Amino acid sequence: MEFNSHVWRLLTVTTSLVNALTPGLDGGRPVTVPEGPALREVVAEAVRTDDYRHHPSRAEATAMADLARRVRPVFVSTEQEDLPAAAALVNALIEQTAPRPRLDGPEQGPFRLHFHGPDDSFERGWAAGIAAGLALAIGSDLAGRLGVCTAPDCDRVFVDSSRNAGRRFCSTRCQSRVKAAAHRARLRAHAP
């Protein structure tokens, strides 16, 4: 199964929100949840595309931060290979957000399957779409593609799009840090 562009977009937005709006470590640097205008800007940037811009209200941005905190454990559970726990979390999110599938596109096609919320509000629409995107990821043979960075002092999440499903790091920065540390350790081990 391959994710269509809409599902891939939902998963990309999900990782952006979780990484920016949940506390922890990013390559050894503390991550604190932004507040006020900074929170609104982070959410706006996470959902922005070339043809879509939304400037969330304070309430919308706060709701998205709450959603990110609820979604982070899904990545942690899949990283720990606890798919039943991840599925339970996503099922609860589906129950709460009621995603509605819909074929969207131009009149003559090609149509794409999109997910909408029970109403047209920003936060409910995104929450429903994210719940559906996570359900499609976990309910497919690509369930192991949701991960948490394995670099020391980093707990940021990612979606593995590599061919061999071998991604272990949230970014090339963390991958480089780990490789450099391993190289230095080898040099020390061989030093006289």
Side-chain angles (χ1 to χ4, degrees), residues 1-28 30-31 33 42-43 46-47 63-104 112-118 123-175 177-179:
M1 173 184 180
E2 286 188 26
F3 295 132
N4 71 25
S5 61
H6 180 63
V7 173
W8 185 250
R9 170 96 176 102
L10 291 169
L11 294 172
T12 301
V13 168
T14 304
T15 59
S16 295
L17 291 171
V18 169
N19 286 339
L21 301 177
T22 60
L25 293 171
D26 182 0
V31 175
V33 179
V42 165
V43 171
V47 301
M64 296 299 275
D66 291 340
L67 176 64
R69 283 189 292 279
R70 292 174 51 210
V71 168
R72 181 175 185 63
V74 173
F75 286 85
V76 173
S77 294
T78 58
E79 180 68 28
Q80 295 170 346
E81 298 181 9
D82 188 353
L83 292 182
L89 293 165
V90 172
N91 282 337
L93 193 58
I94 288 171
E95 287 291 322
Q96 294 164 356
T97 62
R100 296 175 298 130
R102 178 183 167 105
L103 290 170
D104 291 332
R112 301 274 189 221
L113 181 62
H114 288 189
F115 299 94
H116 299 271
E123 66 273 18
R124 288 193 67 178
W126 275 105
I130 286 170
L134 289 170
L136 287 169
I138 291 171
S140 73
D141 56 348
L142 300 176
R145 300 283 184 146
L146 304 179
V148 179
C149 189
T150 60
D153 300 323
C154 190
D155 62 4
R156 301 297 87 188
V157 302
F158 61 88
V159 178
D160 183 356
S161 61
S162 67
R163 287 184 188 253
N164 67 354
R167 185 170 171 182
R168 297 177 24 227
F169 306 106
C170 66
S171 64
T172 54
R173 181 175 45 88
C174 276
Q175 181 180 17
R177 275 189 324 113
V178 169
K179 284 183 176 183

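No experiment lies behind these values; they were computed from the predicted model shown.
The backbone N or O of Gly144 sits nowhere less than 3.5 Å from a side-chain atom of Thr78 that would complete a donor-acceptor pair. Between the Asn19 side chain and the Val157 main chain, a donor and an acceptor come within less than 3.5 Å of each other.
Residues passing the side chain to side chain contact (heavy atoms under 4.5 Å, CB included) test with Arg9, sequence neighbours excluded: Val13, Val47, Thr49, Trp126. For the salt bridge (Lys or Arg N to Asp or Glu O under 4.0 Å) test, no residue two or more places apart in sequence or in another chain qualifies with Arg177. Shown here are the salt bridge (Lys or Arg N to Asp or Glu O under 4.0 Å) partners of Asp160, two or more places apart in sequence or in another chain: Arg145. Here Thr172 pairs with nothing under the side-chain hydrogen bond (donor to acceptor under 3.5 Å, both in side chains) rule; sequence neighbours left out. Not counting sequence neighbours, the partners of Ala20 by the side chain to side chain contact (heavy atoms under 4.5 Å, CB included) test are Val42. In terms of the ring-ring contact (aromatic ring centres under 6.0 Å, His included) criterion, residue partners of His6 (sequence neighbours excluded) are, by chain and number, His114. Under the salt bridge (Lys or Arg N to Asp or Glu O under 4.0 Å) criterion, Arg167 pairs with no residue at all, not counting sequence neighbours. With sequence neighbours left out, Asp82 forms a side-chain hydrogen bond (donor to acceptor under 3.5 Å, both in side chains) with no residue at all. Applying the side-chain hydrogen bond (donor to acceptor under 3.5 Å, both in side chains) criterion to Arg173, with sequence neighbours excluded, gives Asp26. Applying the side chain to side chain contact (heavy atoms under 4.5 Å, CB included) rule to Ala63 yields the partners Glu123; only residues at least two apart in sequence or on another chain are considered. Partners of Ile94 under the side chain to side chain contact (heavy atoms under 4.5 Å, CB included) rule, at least two apart in sequence or in another chain, are Val90, Asn91, Pro99, Ala131, Ala135.
In this structure, Thr22 and Ala68 approach most closely via the heavy-atom pair CG2-O, 3.7 Å. When all heavy atoms of Pro23 and Val33 are compared, the pair lying nearest together is CD-CG2, 3.8 Å. Counting all heavy atoms, side chain and backbone alike, Ala86 lies closest to Ile138 at CB-CD1, 3.7 Å. Among all heavy-atom pairs drawn from Phe158 and Phe75, the shortest one is O-CE2, 3.6 Å. A pairwise comparison of heavy atoms in Cys174 and Ala151 identifies CB-CB, 3.8 Å as the closest pair. What you find for Thr97 and Ala127 is that their closest heavy atoms are CG2-CB, 3.7 Å.
Summarising the geometry, atom CG belonging to Leu93 is positioned 9.0 Å from atom CG belonging to Leu89; distances are rounded to the nearest 0.5 Å. Atoms CG and CD1, on Leu67 and Ile130 in that order, are 5.0 Å from each other to the nearest 0.5 Å. Expressed to the nearest 0.5 Å, how far OG1 of Thr150 lies from CD of Gln175 amounts to 9.5 Å. In this structure, Glu79 CD and Cys149 SG are separated by 9.0 Å, a value rounded to the nearest 0.5 Å. Note that CG of Leu17 and CE of Met64 are 4.5 Å apart. Values are rounded to the nearest 0.5 Å. To the nearest 0.5 Å, the span separating CG on Leu11 from CG on Leu136 amounts to 8.5 Å.
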Original post:
Given the rule in the side chain to side chain contact (heavy atoms under 4.5 Å, CB included) test, do Cys154 and Phe169 qualify, once you have shown the distances and angles that lead to the verdict?
Top reply: CA-CA 9 Å; Cys154 190; Phe169 306 106; over 6 Å; no
Original post:
Are Arg156 and Val31 close enough, and set up right, to give a side chain to side chain contact (heavy atoms under 4.5 Å, CB included), and what steps lead you there?
Top reply: CA-CA 10 Å; Arg156 301 297 87 188; Val31 175; 3.7 Å; yes
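Checking Leu134, Leu21, Thr15 one by one against Val71, the side-chain contact (heavy atoms from CB on, under 4.5 Å) holds for a single residue, Leu134.
Among residues at least two apart or in separate chains, salt bridge (charged side-chain N to carboxylate O under 4.0 Å, His left out) pairs with a member in residues 93-102 are Arg102-Asp104.
Taking the side chain as every heavy atom from C-beta outward, Leu83 and Ser77 never approach each other to under 4.5 Å.
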